[in-house]
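Read through the structure below, which is laid out as structure tokens, and then see the notes.
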Amino acid sequence: MVMQEMKERLRYICENCGYESPKWFGRCPVCGSWNTAKEWKADGISRHEPGSVTFVSLADEEISSLELLPSPFEELNRAFGGGIVPGSVILIGGEPGIGKSTLMMQICGYLSQQGKTYYVSGEESTRQLKMRAKRLGVDTSSFLVSNDPVADMVLATASDPLCIVFDSLQTLQVSWLDTPPGSVTQVREAVSRITEFSKREEVPVFIVAHITKEGLIAGPKLVEHMVDVVMYFEGSRNTDLRILRTLKNRFGPSGEMVIFEMTESGLKEVANPEKVFIESHRTSAGVSYSMIMEGSKPLCVEIQCLVSKMQFNYPRRISMGLDPTHLSMLSALLSKKLSVPVESRDIYLKISGGFRVTDPGVDLAVIAAILGSFYEIVIPHDIIFIGEIGLDGSVKRVGGMEKRIKIAEKAGFTRICIPADAGGSSGKTIEINDIHELVRVIRMRGRGEDVQGDNT
Ligand code: TYD
Ligand code: MG
């Protein structure tokens with residue numbers, strides 16, 4: 001009798017946040033949303049029979065047979081940790097239209113030459129998939145597609161898979177739940193079945209996930225902890241550049257990134273990315289360059305700044321690609337240490353190419369760009385700034401200094417402004433101790449030109 005009750009016990013799960021309750025609720029007590037309680041019947045099958053837990057010696061585990069699967073992209077393989085690890089679940093996130101399905105199709109097309117790849121799309125019809133495959137010039141001989149994103153069914157049906165792709169998380173479901181596809185319960189169940197399968201069968205599984213600026217409810221965040229690798233596509237849809245960033249990788253380096261270019265025939269890796277984020281080639285005041293580290297890779301970024309008259313009765317700090325709090329801090333430092341009256345100006349700052357920078361090595365260049373715009377100084381285009389600024393106005397070294405300097409030289413910069421304690425100095429470096437000395441650097445003449453637009 002008791003068993004019977006246990007078996008049929010009803011639960012209510014909030015579709016929004018996953019809150020569980022034995023009683024129905026109109027409004028979720030955790031997230032506060034209305035009418036999100038969905039009935040859920042526990043199947044009563046215990047997964048914890050006595051003796052169901054077993055241990056094996058780690059020493060006996062055979063790892064030599066784990067062969068990495070290469071993707072068609074060299075840099076991406078490096079980001080994966082040498083190649084795609086069999087038995088890994090990889091989440092590829094990004095805004096709609098950024099190129100996730102394109103990437104997956106290119107990878108599947110490549111892998112399908114070695115074995116069966118299964119592409120399950122809840123987003124596009126098989127005809128549309130075929131059209132894309134044709135456009136991308138993808139070999140479709142062992143490329144199997146389906147429009148039924150029912151995870152458990154797919155996993156039971158796919159025979160001898162080399163790789164499986166689910167596109168997308170938001171359409172995922174399992175056969176025994178009747179909540180809407182992509183809802184919290186569906187997604188959690190589906191992903192947990194997928195990881196279970198992937199580990200057991202040693203098959204890599206990709207899950208594509210949309211993110212929107214507002215942040216989706218049943219979004220990728222919900223399953224990040226369940227998967228092995230989390231990668232996010234970034235970049236604005238207005239440019240061709242796409243950045244794939246590794247947020248988490250259980251088998252390889254995290255913090256790595258790969259730069260792609262979206263072309264007529266799909267995504268192509270950018271071979272020499274150090275200068276791709278440069279837009280304006282320094283024709284105006286308020287532009288400066290810095291060399292940042294993305295994972296192990298130095299990258300040149302362009303900072304554009306506009307200092308203008310205050311529009312309201314408080315100074316605004318608007319920033320794209322750099323944390324606005326960081327911008328506020330650096331501008332406060334400017335008014336305090338250099339007595340530049342930016343507290344009565346609005347400051348707009350943009351990192352070109354839709355790129356997001358969190359590297360503190362960009363500080364010097366940000367200050368240089370603000371000063372450049374404020375004083376209407378065009379900083380000569382062969383100067384680059386690398387260094388962090390402390391709240392006392394001192395300039396500090398950042399990690400990977402030598403690498404950054406080397407790539408800056410390779411990218412054609414002939415004057416590299418760095419902290420005095422940076423090391424790695426060469427004939428091309430200009431060493432400074434604090435932001436007072438930075439003012440001297442941005443007032444330097446361009447090679448073979450007059451000092452420009454200085455109205456101080
Ligand atoms: P897609 O991979 O469908 O985006 P997602 O799956 O992330 O939503 O990419 C769609 C965009 O990419 C679309 O705007 C068209 C463009 N695109 C190309 O420029 N070249 C190509 O070869 C392909 C297939 C797509
Ligand atoms: Mg898509």
Side-chain angles (χ1 to χ4, degrees), residues 71-73 75-76 79 89-112 117-140 143-151 154 163-173 181-182 187 190-191 194 205-221 223-224 227 229-247 257-271 276 353-356:
S71 82
F73 303 106
E75 286 295 300
L76 182 62
V89 180
I90 301 154
L91 189 77
I92 306 278
E95 284 180 31
I98 197 124
K100 301 179 295 296
S101 306
T102 307
L103 177 73
M104 285 332 305
M105 187 153 269
Q106 286 180 269
I107 292 177
C108 282
Y110 183 80
L111 292 180
S112 70
T117 60
Y118 292 82
Y119 192 108
V120 185
S121 177
E123 310 241 330
E124 289 145 306
S125 68
T126 48
R127 183 193 289 266
Q128 285 168 325
L129 291 172
K130 173 87 189 183
M131 274 163 53
R132 173 174 293 147
K134 206 171 152 200
R135 179 171 174 189
L136 294 171
V138 155
D139 175 8
T140 48
F143 197 131
L144 298 147
V145 293
S146 161
N147 284 134
D148 296 312
V150 187
V154 168
C163 171
I164 303 177
V165 176
F166 288 96
D167 188 352
S168 65
L169 185 76
Q170 279 78 9
T171 58
L172 263 188
Q173 49 190 302
V187 162
V191 175
I194 289 169
V205 180
F206 285 89
I207 305 173
V208 169
H210 297 295
I211 45 169
T212 55
K213 286 230 163 70
E214 303 79 51
L216 260 184
I217 297 163
K221 288 271 170 248
V223 294
E224 268 179 6
V227 302
V229 182
V230 179
M231 289 179 167
Y232 281 113
F233 253 123
E234 267 176 37
S236 82
R237 261 174 292 170
N238 310 328
T239 74
D240 295 333
L241 289 176
R242 302 284 185 274
I243 304 139
L244 190 64
R245 229 186 255 274
T246 315
L247 214 77
M257 65 122 140
V258 188
I259 300 175
F260 291 98
E261 191 184 354
M262 181 62 92
T263 70
E264 281 291 297
S265 53
L267 291 160
K268 292 211 165 64
E269 274 183 325
V270 176
V276 294
F355 200 71
R356 247 185 334 111

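Atoms within each ligand, like the ligands themselves, are counted from 1 in listed order.
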(message) If you take the centroid of each ring, where Trp contributes its six-membered ring, are Y119 and F166 closer together than 6.0 Å?
(response) no
(message) Please check this pair: side chain of R242 against backbone of I98, looking for a donor-acceptor N/O pair closer than 3.5 Å.
(response) yes
(message) Heavy-atom distances under 4.0 Å decide this one: backbone, side chain, both or neither, for E123 against ligand 1?
(response) neither
(message) So for ligand 1, is L136 a polar contact partner (N or O within less than 3.5 Å, distance only)?
(response) no
(message) Counting only heavy atoms closer than 4.0 Å, does ligand 1 sit against the backbone of R135, its side chain, both, or neither?
(response) side chain
(message) Could you tell me, atom by atom, which parts of ligand 1 come under 4.0 Å of a heavy atom of P96?
(response) 8 (O)
(message) Out of the candidates T117, I90, I92, D167, only one should pair with M104 under the side chain to side chain contact (heavy atoms under 4.5 Å, CB included) rule; please name it.
(response) I92
(request) Below 4.0 angstrom from a heavy atom of S101, which ligand 1 atoms are there? Numbered from 1 as shown, please. (result) 2 (O), 5 (P), 6 (O)
(request) Answer yes or no: is there a donor N or O on one side and an acceptor on the other, between the side chain of K100 and the main chain of E95, under 3.5 Å? (result) yes
(message) Test your reading of the model: is there a side-chain donor-acceptor pair from E269 to the backbone of L76, 3.5 Å cut-off?
(response) yes
(message) On a heavy-atom basis, I'd like to know which of E124, R242, M262 is closest to atom 18 (C) of ligand 1.
(response) M262
(request) For atom 20 (N) of ligand 1, state which one of T102, L267, T263 supplies the nearest heavy atom. (result) T263
